[in-house]
Amino acid sequence: MIHSVIIFNTSGVPRLTKFYTPIHQSSQTLVRKIYSLISTRSAGLCNFLDAPELEDFLGRRDEDEKLRVVYRSYATLHFVFVVDSSESELGILDLIQVFVESLDRAFENVCELDLVFHFDEVHHILAEIIQGGLVLETNLEAIDSSLQQAAQARKHSFASANPLALGVGGVGPRSSGLQTPLGWLTGKLTGVGPR
Amino acid sequence: MATNMRGLTQFIADIRGARVRDLEEKRINKEMANIRKKFKDGNLDGYQKKKYVAKVLYTYILGYKVDVGHMEAVNLISSYKYSEKQIGYLAVTLLMHENSDFLRLVVNSIRKDLDDNNEIHNCLALHAIANVGGTEMAEALCEDVHRLLISPTSQSMVKKKAALTLLRMYRKHPDVIPAAEWALRIVAIMDDRDLGVVLCVTTLVMALAQDHLEPFAVCYQKAVDRLFRLVVEHEYSATYAYYKVPSPWLQVKLLRLLQYYPPAEDPAIRSTLHQVLETIMNNSAEQSRNMQHNNAQRAVLFEAIGLAIHLDTNSPLVSTSAVLLARFISSKETNVRYLGLDTLAHLAARADSLEAIKKHQGTVINSLRDRDISVRRRALDLLYSMCDVDNSEVIVGELLRYLKVADYALREEMVLKIAILTEKYASSYRWYVDTILELISSAGDHVGDEVWYRVVQIVTNTEDLQAYAARVVFQRLKSPASHESLVKVGGYVLGEYGHLIANEEGHSPIEQLHVLHTKSQFCAAPTRALLLSTYIKWVNVFPEIKPQLINIFERYRHVLDSELQQRACEFYALASRPDEDELLQNVCEEIPPFPPRESALVGRMNKKHGATEDKRTWVHGGKEANLDREATKQGRVPTGDAPPTASPTATGDRDVMASLQGLDLSGPSNGTSATNGAAKTVTPTTPIKPSTSTHLAAGPNVDRWFEKLTYTNEGVLYEDVQIQVGVKSRYQGHIGQLAIYMGNKISAPLTSFTTKVDVDDPEALSVTFAKMPPTLIAPRSQSQQILHIECKKFFRTPPTISISFLAGAHQTISLRLPIVLTKFFEHVTLGQAEFFERWKLIGGPPREAQSVFPMHLTSQNEIDREKQRNVVLGYRLNVLADVDPNPNNIVGAGVLHMSVDGKVGCLMRLEPNREAKLCRVTVRSTSEEVAGEVQRLIQKPLSVDAAS
């Protein structure tokens, strides 16, 4: 099971935190702890980390649940999944890739700012991939179509409430003035591959 | 969309603009105060509520504690506008947890959304339950979620979420899910066309099957079938290919699911699975340039290797895997090295022979010095698992050397592992003592109490070791810095066995005292207390240093620690008694050996890694560790699930009859031992035990069809408006072949078609599919499945076949297969004289079964001789002419063939009486069970209350 999904940038500022099991301490300390574990690891080390240190934070209920941190870094962002032994490590790496690719689709060249200003949408995207700590869908097309449906419904409800408004809403275009794209995140995967 | 709310955008921009944290906090506090006020004033419209809740959420995501907005979130959920509802649900899943009181307020809104016709509302509700649902929600909403999962009108999107939501409910409150009852229905969805649905349902099945292996057993063949279609036949929609690998997540899940079950018996399933694993391993041979592709490919490969190891550690597949893994552990990619070591540890934990792994010992030891702590951890685990008597000194030596430079995070675990390995594979006691003391000296703080307790136990129980141990401890204590644990061991060992070395140069009592007592000032109170006990023992054995010792006790009488003070006072009093007093001697008697007990170390280790029904299918350590674990697991399995296999034969009787069992009727007659057979009478009929998991289809027709097929080779076994099941069979000796024809009578396909055969006693009868059964039957068409049957021993209960399928609703039909004992009979021809010779030889009860029953007459009130003859022939007994002078009587003979228990002869006489409308059947056989069974079978279709 996936216990938490956390995205933070290279200076440790959280951009998304989602906990599928209740945590026992403030999420800020947890993020800081994970950040300190990961930021010290140079590129080229593996993407997995045993994390006995985190067990206090996540409140181990079972004695035998060994938690592992699986992370991947893209441009300025670290995507961190805390999982237990029932998940395949490489499978989680693939899942992070799927998550990033879905973000990319939804935001057309996702950048860190998108995650800041559209945090709700990021959560909705995550909700289409992982539900309650379990993998829900991995097919980009299917994820996209569920998101489209939700966007349609939102648009619809917005339009019915404001008959005079021009069609606003939906996923995609950023509002002007906020565009400082960092480029394709998917192309910016750092710290992997043979060295 | 957040950006539709200008206030929110401004808020976010402000926070981003805050240069220092103080400013950020200030801005947030201001905003929170504002929101609190707005909420208090009330009178907000939906848009405003949405906006403020969104601000609260953003604050929450930044990591601040928020205490407002819960109530507004609850209100938003029941909004009819999707945009508000969505934010409301997001707030519920983020701000609340399963024990929040607020959740009670949303149960009704959630139920309403579950029942809504709009599936995106269903999805929001399901997602909320899956994230925050607790016991209460599980109780209230379980039925609704289940309905969404199985309803034929549910969209894939809804089914997926419903499956995972159900799983969440099961985890939180297992009692609300009647897992066994829903098993077939849920497993049927594994045949869904949408791989997303299959993935989610497989996840659900994995969790349920762990606790309910038996009811979910049919998922095994579903999983194998699905893997075959994905991996070998490439049957999947293109969008589910992830970098050209067909849904690696699903493959991994299915491969993992298969590891929960013992290897399948059915040869068809085994060979299919073998083919799947082989293909996966071959696929991995070709490396591609694309990293993502390789990643996905290997995710599947590692799981496949795990399964191969689970199935059979001696198979060629595992040898191939070992070669692959060896290559992986020296790979350039860190991830691959990591997983390679991890999987090798799995292999080492299961394999009978460690030879293949030992070849790479050097590489593994080098991995202890990898740059990456994650890899070092895995290398440590692997070394622990691959250690045995031959390489223990090398491995433990390496570990000890590495311990000195190891990461602090690793040390405690290392110490435990070293201690266990040293004890388990010690080649000599000296080596054991040396190593453990070295361990205690070098790893000090990381040595748990269990470690030194164990040393003491072993030294006490091993007489040869005591002097040596005392000497070594003494030497170690002489070094200026000794760890407290070492002082404890020293105190104990020298106290008990110091006198053994007291005459040696440099080990005199006063020197021993000196070495130990100089350490005492650096030790905590419990250790000092232990040292005091050492001193009192010395008072007994070393009278020459008694004054010094008494002096020490004297001083300790005034320390503040009550435990130390009490000991000192008591010991002082004891030591001050006159020399001839025997009390001291008695008190300080040498410690008797400890009763042999299991090492507490291993217990601690297992506690660390656990052995409950978590998803791990193995633990680190050697093969035995895993066997132990299996055993404890077996013991824990609730007995209710597995049907107890009733053995229809009482072995005691069988032994007596063993000499006669192979009696071939055409051979020379055997001795007379047949007459003194066991006295047990055979119960003429045994009620057919229904299989525990399924209910047999019933009805007069079903019985009639079955009955008829017990003495004919082909015909209808079952029929209703949707499906027809026909049977054709052939038997030769103990082998048979049965073809089942399943006809779909409706104009829609029967999907999720599942067939499963249950045999009561697999030791006696084996029934296997020739190949994997199909999962779909096209409209108005027929599918054929071949069953191979082998009779090994006597059996009574016919096997059952369970057929389930989806045709709108989910249907399950369980039928008895017409496989009865007589099917394995072969004709025997005997003349009159021979017949009666054997008849008499076998004798009366218990090897005779006889009954008289009302007989069915023809419409002319005549004996139905034709039918009687056909029935006897149908039960594969040869009808012998010219044996009985009465033409109405029928005499039959046959030999039962069994592959394990050999052949059993059987003679039968059928004597109808027209006037009385009664018929008498007498069966004699060298096996009393066979006689009873044949008599029961023949009587059935002939008696008047037979269905026809």
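Just so it is clear: chains get the letters A, B, ... in the order the sequence lines come, proteins before strands, and each one is counted from 1.
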Highest number of heavy-atom pairs under 4.5 Å with chain B: which of [options]?
{"options": "A:L134, A:L49, A:D50", "result": "A:D50"}
{"options": "A:A142, A:S27, A:A153", "result": "A:A153"}
{"options": "A:L136, A:L16, A:L95, A:V31", "result": "A:L136"}

Looking at [X] and [Y], would you say the former's side chain and the latter's main chain have a donor-acceptor pair under 3.5 Å?
{"X": "B:T334", "Y": "A:G44", "answer": "yes"}
{"X": "B:N335", "Y": "A:N47", "answer": "yes"}
{"X": "B:W249", "Y": "A:G91", "answer": "yes"}

Proximity breakdown for [X] and chain A, heavy-atom pairs closer than 4.5 Å:
{"X": "B:Y89", "result": "neither"}
{"X": "B:T165", "result": "both"}
{"X": "B:L167", "result": "side chain"}
{"X": "B:S247", "result": "side chain"}
{"X": "B:L195", "result": "neither"}
{"X": "B:T203", "result": "side chain"}
{"X": "B:I87", "result": "side chain"}
{"X": "B:R298", "result": "both"}

Sort [X] into side chain, backbone, both or neither according to what part of it lies under 4.5 angstrom from a heavy atom of chain B.
{"X": "A:T17", "result": "both"}
{"X": "A:E141", "result": "side chain"}
{"X": "A:R15", "result": "both"}
{"X": "A:Q131", "result": "both"}
{"X": "A:I143", "result": "neither"}

Any side-chain heavy-atom pair from [X] and [Y] closer than 4.5 angstrom?
{"X": "B:I61", "Y": "A:P14", "value": "no"}
{"X": "A:Q152", "Y": "B:I120", "value": "no"}
{"X": "B:R378", "Y": "A:F48", "value": "no"}
{"X": "B:Y338", "Y": "A:E89", "value": "yes"}
{"X": "A:H123", "Y": "B:L57", "value": "no"}
{"X": "B:E84", "Y": "A:R154", "value": "no"}

Which atoms form the tightest heavy-atom contact between [X] and [Y], and what is the distance?
{"X": "A:L45", "Y": "B:R371", "value": "CD2-CB, 4.0 Å"}
{"X": "A:R41", "Y": "B:D372", "value": "NH2-OD2, 2.7 Å"}
{"X": "A:V135", "Y": "B:C200", "value": "O-SG, 4.0 Å"}
{"X": "B:Q86", "Y": "A:A150", "value": "NE2-CB, 4.1 Å"}

For the interface with chain A, which of [options] has the highest count of heavy-atom pairs at distances below 4.5 Å?
{"options": "B:Y82, B:F302, B:Y64", "value": "B:Y82"}
{"options": "B:V252, B:L339, B:L199, B:V375", "value": "B:L339"}
{"options": "B:S237, B:A296, B:P248, B:A163", "value": "B:A296"}
{"options": "B:H127, B:K160, B:H97", "value": "B:H127"}

To the closest 0.5 Å, what do you measure between [atom1] ([X]) and [atom2] ([Y])?
{"X": "A:S86", "Y": "B:M206", "atom1": "OG", "atom2": "CE", "answer": "6.5 Å"}
{"X": "B:Y242", "Y": "A:Q97", "atom1": "OH", "atom2": "CD", "answer": "4.5 Å"}
{"X": "B:N295", "Y": "A:L90", "atom1": "CG", "atom2": "CG", "answer": "5.0 Å"}
{"X": "A:F119", "Y": "B:L8", "atom1": "CZ", "atom2": "CG", "answer": "5.5 Å"}
{"X": "B:S83", "Y": "A:H156", "atom1": "OG", "atom2": "NE2", "answer": "11.0 Å"}
{"X": "B:L301", "Y": "A:S88", "atom1": "CG", "atom2": "OG", "answer": "10.5 Å"}

A:E128 with B:K161: basic N within carboxylate O range, under 4.0 Å: yes
Are A:D120 and B:K50 close enough for a salt bridge, meaning some N to O gap below 4.0 Å? no
Is the closest side-chain donor-acceptor distance between A:E137 and B:Y240 under 3.5 Å? yes
Take A:R68 and B:D342 through the test salt bridge (charged side-chain N to carboxylate O under 4.0 Å, His left out) and record every step on the way to the result. CA-CA 13 Å; A:R68 284 179 190 182; B:D342 196 36; 3.8 Å; yes
